[in-house]
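Worth knowing before you read on, the calculation uses all heavy atoms, side chains too, and leaves out hydrogens, waters and symmetry mates.
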Amino acid sequence: VTAGTLNAAIEQSGSIKAGCGTVILTAKAADNLSVSVINHTGVTDASSLDQITGGGSLKLTADTISHSGSLKANGGGQINIEAALYNDSGISSVDGDIAGRIAIKATQILQAAQAQLSASGDVGGKIELIGGDGNNNGSAFISGAMIATGRRKGGQIALTAATLTLSGARTDTSGDAAGTQRIGGGSQGQDADLANAQNTTVTDSTLTNKGTGGKLIVWASNDTAFNA
């Protein structure tokens, strides 16, 4: 078997615009021997100016995904990313009057400082970064900006992995009514919808949640180190 037959790759360096439609980029191959890769350096846009209809949907699936371009589903759409390794230094946005949802799930997440994830609007949306393979393995190193602010109500940010590190990261779920941030797990590690981190480290990071009410939780089942 030659190396060429083991690789399935997508190189998106141009511009794809789908209005409020659906864009699926998948490099998954039919057999288990193949290594699939998506290198996203371009613009993929499923935004809508119609806040009633809402934005579209973007989905990227591969073993390895590198994103340094722009993913947009503004108007309250969805961005879903599934990979074994996800390298993020790009822009991802689901802004809208009622902002949408960004969901990233990968065994290993590496987020650079220039990465920007935004789910902001009149009502903030959701940003979820889940590092793991379902067997208590996985890691997430997060250094970018995750913003889910709302003029009336802040949104929700959930970050977890067996080994979770925030280094120089910026999170914000502020609003007249503040939102919710769950870093490494929920309240006392009891939230059934979010796996608990085993070890959480937060250094040189800015976690903001201004407004009335709201929650900001930093949790780990074993060790938690916090020096924001």
Side-chain angles (χ1 to χ4, degrees), residues 27-28 32 35-40 59-68 71 79-92 101-119 126-148 155-173 179-209 215-228:
K28 286 291 186 182
N32 293 327
V35 176
S36 58
V37 177
I38 293 175
N39 187 25
H40 187 272
K59 183 173 183 179
L60 280 66
T61 306
D63 294 319
T64 298
I65 298 176
S66 294
H67 167 47
S68 59
L71 295 169
I79 297 175
N80 293 281
I81 294 171
E82 297 178 4
L85 172 61
Y86 182 57
N87 285 295
D88 184 14
S89 59
I91 296 171
S92 303
R101 176 173 177 259
I102 299 172
I104 297 169
K105 184 175 182 180
T107 305
Q108 184 179 16
I109 297 171
L110 298 174
Q111 186 191 79
Q114 59 266 43
Q116 300 178 41
L117 285 69
S118 182
K126 296 181 179 180
I127 298 174
E128 303 168 359
L129 276 68
I130 311 298
D133 61 2
N135 295 311
N136 210 25
N137 298 313
S139 64
F141 187 91
I142 297 171
S143 294
M146 289 143 290
I147 311 299
Q156 302 176 43
I157 295 176
L159 312 174
T160 195
T163 301
L164 176 64
T165 302
L166 276 67
S167 178
R170 292 143 289 158
T171 65
D172 195 345
T173 49
T180 299
Q181 296 185 36
R182 298 182 294 170
I183 313 297
S187 181
Q188 299 298 309
Q190 298 299 311
D191 288 7
D193 66 327
L194 184 65
N196 294 326
Q198 299 302 303
N199 301 288
T200 298
T201 302
V202 180
T203 59
D204 300 321
S205 297
T206 302
L207 314 180
T208 305
N209 194 23
K215 295 180 180 180
L216 202 165
I217 300 162
V218 178
W219 179 264
S221 297
N222 295 329
D223 296 323
T224 303
F226 188 89
N227 183 18

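- Looking at every heavy atom in both residues, S167 comes nearest to S143 through O-OG, 2.7 Å.
- Between D88 and I81, the closest side-chain pair of non-hydrogen atoms is not below 4.5 Å.
- Nearest heavy atom pair, residue Q198 against residue A220, reads O-CB, 3.6 Å.
- To the nearest 0.5 Å, atoms OG (S118) and CD1 (I127) are separated by 6.5 Å.
- With rounding to the nearest 0.5 Å, the separation of CD1 in I183 from OG1 in T201 is 12.5 Å.
- Each salt bridge (charged side-chain N to carboxylate O under 4.0 Å, His left out) pair with one or both residues in residues 157-166, not counting sequence neighbours, would appear here, but there are none.
- H67 NE2 to I65 CD1: the interatomic distance, rounded to the nearest 0.5 Å, is 10.0 Å.
- With contacts defined as side-chain heavy-atom distances shorter than 4.5 Å, the pair Q111/L129 qualifies.
- Using a 4.5 Å heavy-atom cutoff, the side chains of I157 and L159 are in contact.
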Between T180 and T173, does a side-chain contact (heavy atoms from CB on, under 4.5 Å) hold up when you go through it step by step?
CA-CA 7 Å; T180 299; T173 49; over 6 Å; no
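- The closest side-chain donor-acceptor pair between N199 and T163, if any, does not fall under 3.5 angstrom.
- Q108 contributes atom CD, which lies 9.5 Å from atom OG1 of T64 (distance to the nearest 0.5 angstrom).
- Two residues are said to be in side-chain contact when any heavy atoms from C-beta on lie closer than 4.5 Å; K59 and E82 meet this criterion.
- One finds the CG atom of D172 at 7.0 Å from the CD atom of Q181 (value rounded to the nearest 0.5 Å).
- For the pair G185 and I217, the tightest heavy-atom approach, listed with the atom from each and the gap, is O-CG2, 3.7 Å.
- A pairwise comparison of heavy atoms in S92 and I79 identifies CB-CD1, 4.1 Å as the closest pair.
- For the pair I142/T171, no side-chain contact is recorded, criterion being any heavy-atom separation below 4.5 Å from C-beta on.
- Atom OG1 of T206 and atom CG of L166 lie 10.5 Å apart (nearest 0.5 Å).
- The two residues N196 and S221 make their nearest non-hydrogen contact at CB-OG, 3.5 Å.
- Listed here is the closest heavy atom pair of S205 and G168: OG-N, 3.3 Å.
- At a threshold of 4.5 Å between non-hydrogen side-chain atoms, the residues L207 and F226 count as touching.
- The shortest distance between side-chain heavy atoms of L117 and I104 falls below 4.5 Å.
- Residues N39 and S66 have side chains that never bring a donor and an acceptor to within less than 3.5 angstrom of each other.
- Annotation: side-chain contact (heavy atoms from CB on, under 4.5 Å) contacts of D193 (sequence neighbours excluded): R182, D191.
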Hey, mind stepping through N80 and R101 against side-chain contact (heavy atoms from CB on, under 4.5 Å) and telling me if it holds?
CA-CA 8 Å; N80 293 281; R101 176 173 177 259; 3.6 Å; yes
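- Remark: side-chain polar atoms of Q114 are not paired, donor with acceptor, to backbone N or O of A112 under 3.5 angstrom.
- S68 places no side-chain N or O within donor-acceptor distance of the main-chain N or O of S89, the cut-off being under 3.5 Å.
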